[in-house]
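FYI, the numbering just counts along the sequence from 1. In this text the structure is predicted, and so the values were computed from the model without any measurement.
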Amino acid sequence: MLFIKAFSNYAEFQQIFGVRVFGEEKARKNKILLSLLKDKTVHKHCIETGDYTLLSIKNMVDLKNIITKKIYESGAKSKKLKYKFELLGQTYFNDIYSLDSMNGICEDGTPNAVRYYNNENNRVWKMKCGKFMKHLIQSTKFGKTLPESIVIWLCEEFSRDWQSHVIGKLPKNKLYINDNFADIYDSDRLKGYNEKSDCFISCMVDKGFHSFYKYAVNAKAAYLEDENGMIIARCILWPEVYDEDGKVWRYAERQYSYMCNDVYKQALIDALIQAGEIDCYKKIGAACSDATAIVDIKGNSLADKKFWIDCNLDWDDYLSYQDTFKCYSMYHHKAYNYEAGDYELDVTEGSLEASENNNDDDEPQEYDSYHERDAWEVCTVHYHGDEESCDIECREDFELFNGKWYHQDDIVKCSECGEKMLNPEYYDEDNDVYNSDMTGKAYCCLDCREKAEDKYMKENWYYSDYDDEWFEDKDDLTIYRQYNCITFEYEDKTISKETLEDLLDKGELHEWGGLYFDVINEETGTPIGCETLIEFQFAA
């Protein structure tokens, strides 16, 4: 019997994959990882190779790193995959695609696409980044064994990372690190906050509790401003975080962004890394609410580390809700990311005293319009073409697509390539949905629409040899005779009637005996080779 090694007993299973309850809603932790551990194809792969690493993964960070490494190893072993290149520091192999000097970045700066070179037709193209990554994954032997849920997740992770990478190459956003905590909690400074109530959501905005970071702890405000001076992403920066070994880390707390977009969050983290300001940060995306979901700047998980900060918080001092350092010891003046101390700091009332005296402890502050109930934190989701707010812990009905959360009903497959796209019933070309009046179907890109229309015309329309065009109505075409200088014979070719009339007027086609010819005998005014036939007819 094959045993899953990611957990040793039921208690550890509950710790990693347990169900969290939010009112009437339930959500299982690390559901994507669990789908890998339960997959029979993965089990078969482990048995055949004798490598059980995949069944020992305990967190999402290791899941990404281990699978990415195995995709590389599988590609490196294949003689078929002869093209080698790097994307975001990872090496990939492919049998058709490679990169040119632009290293994947499109000339027009399109953030959600990869520029690549197709070695089959020797042309440069661009493809949506998630679709491109799927090709790279499934071109390897190992990638073909992965469950679809894992492939989708890897493509979403790459899409977010790639878009933030491209955005970072554009010099329009500026990084600030200071003690201006008032601004990052001021709705007037947060892009989109006052335009849509569910943008840039944080339960501490405009509450006035931000002075906690100035007086109770050692912290900095870190944020990105766009070209208009509006904040598009922000987080708290902890310059002195200690682990159990006494090592000091510089840690970027959980990030918040315009439209709750993970791409902007990643852009902020990338900017902090490039500036040399952090050693680790709260993971972006799935499982980000977990206090131990921390990774170093190379992407390695620090979930097993026990971290703490100095914190001098009195009973009635201002307290801002804490995502990571939730446990507080008033005696030791320390806050921890694990169970320690006497008080919980993940409260929204503004102080320990207010929290203790509140009969409705820890009441949710935001409204989830999709589920029609209150929630701790919501993000923007898209449902049938409309924007809704949704509890970030209960997004089972939605999936991340091109950096945004869409309802499962809103995502369909392209009629041509089978890749995911938005449902044309609710979305249009502004959302990269390309409808075809010819086929009556929708496609994920112009290239797919053109391919489908070409195929449709070949199967249902009529081709004009002369015009090199397809015509829907057969009656629009007729036949002319084209002279072949090699065989010295005429060949029947199609031509549109409109073009025929034009060429007859110009003298470029000739009518004889109810037929049309491109070349005739200029002396006799008859088709070439018909002279003998004509003499015979006159003699008779």
Side-chain angles (χ1 to χ4, degrees), residues 11-12 14-16 18 20-21 29 58-59 179 181 184-185 202-204 207-222 235-256 278-283 287-296 301-365 376-377 393:
E12 189 172 7
Q14 285 295 99
Q15 180 182 351
I16 301 173
R20 287 183 286 190
V21 179
K29 296 188 292 184
K58 296 178 180 288
N59 58 69
D179 60 356
F181 302 106
I184 66 173
Y185 287 101
S202 167
C203 58
M204 293 291 103
K207 295 294 179 65
F209 303 149
H210 55 268
S211 60
F212 163 81
Y213 295 108
K214 200 166 189 176
Y215 301 113
V217 293
N218 179 11
K220 292 289 184 181
C235 72
I236 296 295
L237 189 62
W238 304 101
E240 293 182 4
V241 175
Y242 300 88
D243 64 19
E244 63 267 36
D245 300 319
K247 181 179 177 179
V248 180
W249 300 75
R250 296 169 301 167
Y251 169 56
E253 179 62 275
R254 182 173 179 176
Q255 316 84 28
Y256 293 82
I278 60 172
D279 308 304
C280 57
Y281 59 94
K282 176 65 81 71
K283 184 184 179 302
C288 66
S289 61
D290 193 330
T292 62
I294 302 172
V295 296
D296 67 19
S301 174
L302 301 177
D304 295 334
K305 290 281 187 183
K306 293 183 177 180
F307 290 110
W308 59 270
I309 59 170
D310 290 318
C311 180
N312 188 11
L313 181 69
D314 285 333
W315 193 247
D316 56 353
D317 288 342
Y318 278 134
L319 166 63
S320 187
Y321 179 91
Q322 294 304 293
D323 284 291
T324 299
F325 303 104
K326 302 182 179 183
C327 302
Y328 177 57
S329 169
M330 192 174 292
Y331 178 78
H332 293 289
H333 299 296
K334 289 180 173 61
Y336 312 85
N337 79 323
Y338 56 96
E339 292 186 5
D342 308 306
Y343 302 98
E344 298 296 322
L345 302 186
D346 54 345
V347 296
T348 59
E349 286 79 5
S351 71
L352 292 174
E353 182 179 27
S355 176
E356 186 74 13
N357 294 332
N358 194 331
N359 292 327
D360 300 319
D361 285 348
D362 298 340
E363 281 294 318
Q365 301 294 307
W376 286 109
E377 183 181 350
E393 300 289 354

Report summary line: Between the CZ atom in Arg254 and the OH atom in Tyr321, the distance rounded to the nearest 0.5 Å is 7.5 Å
Query raised in the report: For the ring pair Tyr242 and Trp308, is the centre-to-centre distance below 6.0 Å?
Result: yes
Requested in this report: Answer yes or no: is there a side-chain heavy-atom contact under 4.5 Å between Asn218 and Ile309?
Outcome: no
Report summary line: Nearest heavy-atom contact between Ala340 and Cys327 is O-CB, 3.0 Å
Requested in this report: Compare every heavy atom of Asp346 with every heavy atom of Gln322, then report the nearest pair and how far apart it is.
Outcome: O-CB, 3.5 Å
Requested in this report: Kindly give the heavy-atom pair with the smallest separation between Gln255 and Lys282, and that separation in Å.
Outcome: NE2-O, 3.0 Å
Report summary line: Heavy atoms of Ile294 and Cys280 approach each other most closely as CG2-CB, 4.1 Å
Query raised in the report: About how many Å separate CD of Glu344 and OH of Tyr328, when rounded to the nearest 0.5 Å?
Result: 13.5 Å
Report task. Mind checking the CG-NZ spacing from Leu319 to Lys207? Nearest 0.5 Å is all I need. Result -> 12.0 Å
Query raised in the report: Between Asp314 and Asp317, what is the shortest heavy-atom contact and its length?
Result: N-OD2, 2.8 Å
Query - Donor-acceptor contact below 3.5 Å, side chain Asp296 vs main chain Asp279 - result: no
Requested in this report: Establish, from distance only, whether the side-chain atoms of Asp323 and Tyr256 form a donor-acceptor pair under 3.5 Å.
Outcome: yes
**Report entry** Side-chain heavy atoms of Leu352 within contact of Leu345, under 4.5 Å
**Finding:** yes
Report summary line: Output for pair (Phe307 CZ, Glu244 CD), nearest 0.5 Å, gives 7.5 Å
Query raised in the report: Roughly how far apart are Leu302 CG and Lys283 NZ, rounded to 0.5 Å?
Result: 13.0 Å
Report task. Determine, using ring centers only, whether Trp238 and Phe325 are less than 6.0 Å apart. Result -> yes
Report summary line: Nearest heavy-atom contact between Met330 and Leu313 is CE-O, 3.8 Å
Query raised in the report: Near Asp310 CG, under 6.0 Å, is it more than 12 heavy atoms from other residues, nucleotides or ligands?
Result: yes
Query raised in the report: Can you tell me if NZ on Lys214 sees more than 12 non-hydrogen neighbours from other groups inside 6.0 Å?
Result: no
Query - Glu240 side chain near Trp249 side chain, heavy-atom distance below 4.5 Å - result: no
Query raised in the report: Taking the side chain as C-beta and beyond, is there a heavy-atom pair between Ile236 and Phe181 under 4.5 Å?
Result: yes
Query - Rounded distance (nearest 0.5 Å) linking atom CG of Asp243 with atom NZ of Lys306 - result: 11.5 Å
Query raised in the report: side chain to side chain contact (heavy atoms under 4.5 Å, CB included) with Ser211: which of Phe209, Tyr215, Tyr213?
Result: Tyr215
Query raised in the report: Got Val217 and Phe212 here, is their nearest side-chain heavy-atom distance under 4.5 Å?
Result: yes
Query raised in the report: If we only count heavy atoms from C-beta on, is the Ser320 to Tyr185 side-chain gap below 4.5 Å?
Result: yes
Report task. Check whether any side-chain heavy atom of Tyr251 sits under 4.5 Å from a side-chain heavy atom of Ile278, and report yes or no. Result -> no
